[in-house]
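Only one structure is covered here, and it is reproduced in the block below.
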Amino acid sequence: MSTSAAELMPAIGVRFLVQVDDVDLGMFTSCDGLGCEVVIEQRSEGGNNGYIVQIPSRLKFPNIKLSRPLTKETERVARWISGLAGGVKRRTGQITAMTSDGTVVARWGLVDVIPVRWTGPSVAKGPADILTETIEIAHHGFIDTGA
């Protein structure tokens, strides 16, 4: 299996397209918390002073925080959040990392997505004060995206 030069290029200028079920929440400029951790339980064995036994127990998935400058896409998030007033249901989600020219760099499917928090607009201090929004989601793991 050969790898093209384009596939080996680093992901520079990446945007993150976020979808939850059939709802397109738009493009975000930052994505933090995408990952997992193996929770380790430690056990001491009587008479064994050389080490502590470490037993892998389960996977733990941190919340994912997605941020972007305020745009017209903010209305998509507002509609999605307001639709949760009738009850929060676990959904399937997908985050797609794309370069500025639309080339897909990577894709992650998420199972049991639930919104945790939406904040915005807030001011990002800099040469031009920019209004930003952040959405935080929880999930129970990764699924195959079929890509």
Side-chain angles (χ1 to χ4, degrees), residues 1 3-44 51-147:
M1 174 183 232
T3 303
S4 71
E7 291 174 327
L8 296 175
M9 294 298 295
I12 299 173
V14 174
R15 301 289 184 254
F16 301 92
L17 175 63
V18 179
Q19 298 167 301
V20 178
D21 281 346
D22 294 329
V23 179
D24 180 353
L25 299 178
M27 300 291 270
F28 289 79
T29 55
S30 74
C31 176
D32 289 323
L34 193 59
C36 68
E37 173 185 345
V38 176
V39 177
I40 303 292
E41 294 181 14
Q42 296 183 339
R43 299 283 189 257
S44 299
Y51 62 90
I52 295 175
V53 177
Q54 298 191 48
I55 304 166
S57 65
R58 66 185 182 283
L59 291 177
K60 184 169 122 179
F61 302 95
N63 289 350
I64 300 170
K65 291 183 182 179
L66 300 141
S67 298
R68 66 179 170 199
L70 224 55
T71 66
K72 195 76 172 154
E73 290 181 329
T74 297
E75 294 175 2
R76 297 179 191 178
V77 174
R79 277 194 299 276
W80 182 57
I81 296 292
S82 66
L84 301 172
V88 177
K89 295 179 183 171
R90 296 184 184 278
R91 306 285 183 187
T92 301
Q94 182 169 285
I95 298 174
T96 304
M98 304 169 73
T99 60
S100 57
D101 68 359
T103 302
V104 173
V105 177
R107 186 174 282 128
W108 300 272
L110 307 171
V111 67
D112 290 341
V113 172
I114 54 173
V116 174
R117 179 178 298 112
W118 174 78
T119 55
S122 57
V123 178
K125 295 292 182 185
D129 294 339
I130 299 171
L131 295 175
T132 61
E133 71 172 326
T134 301
I135 188 163
E136 183 176 344
I137 59 175
H139 66 101
H140 282 150
F142 298 98
I143 56 174
D144 185 8
T145 61

Check whether [X] reaches the backbone of [Y] with its side chain - one donor and one acceptor, N or O, closer than 3.5 Å.
X   : Y    : value
S82 : A78  : yes
S57 : V39  : yes
T96 : V18  : no
R15 : G102 : no

Hey, what do you get for [atom1] ([X]) to [atom2] ([Y]), rounding to the nearest 0.5 Å?
X    : Y    : atom1 : atom2 : result
R68  : L25  : CZ    : CG    : 7.0 Å
D144 : R107 : CG    : CZ    : 11.0 Å
I137 : I95  : CD1   : CD1   : 5.0 Å
I114 : L84  : CD1   : CG    : 10.5 Å
C31  : K65  : SG    : NZ    : 12.0 Å

So F142 and F61, would you call those rings parallel, tilted or perpendicular, with 30° and 60° as cut-offs? perpendicular
Could you go step by step and tell me if V77 and F28 meet the side-chain contact (heavy atoms from CB on, under 4.5 Å) rule? CA-CA 11 Å; V77 174; F28 289 79; 4.2 Å; yes
4.5 Å side-chain heavy-atom contact, [X] and [Y]:
X    : Y    : result
D112 : H139 : no
L110 : I64  : yes
R43  : Q54  : no

Does the side chain of E133 pick up a donor-acceptor pair with the side chain of W118 at under 3.5 Å? yes
Quiz question: by atom type and distance under 3.5 Å, do the side chains of D24 and Q19 form a donor-acceptor pair? no
Evaluate L34 against D32 for side-chain contact (heavy atoms from CB on, under 4.5 Å), listing each step before the verdict. CA-CA 6 Å; L34 193 59; D32 289 323; over 6 Å; no
What I want to find out is whether R91 reaches D21 closely enough, with some N-O distance under 4.0 Å, to be called a salt bridge. yes
Checking S67 against T132 for the side-chain contact (heavy atoms from CB on, under 4.5 Å) test, could you report, in this order, the C-alpha distance in whole Å, the side-chain angles of both residues, the deciding distance, and whether it holds? CA-CA 7 Å; S67 298; T132 61; 5.7 Å; no
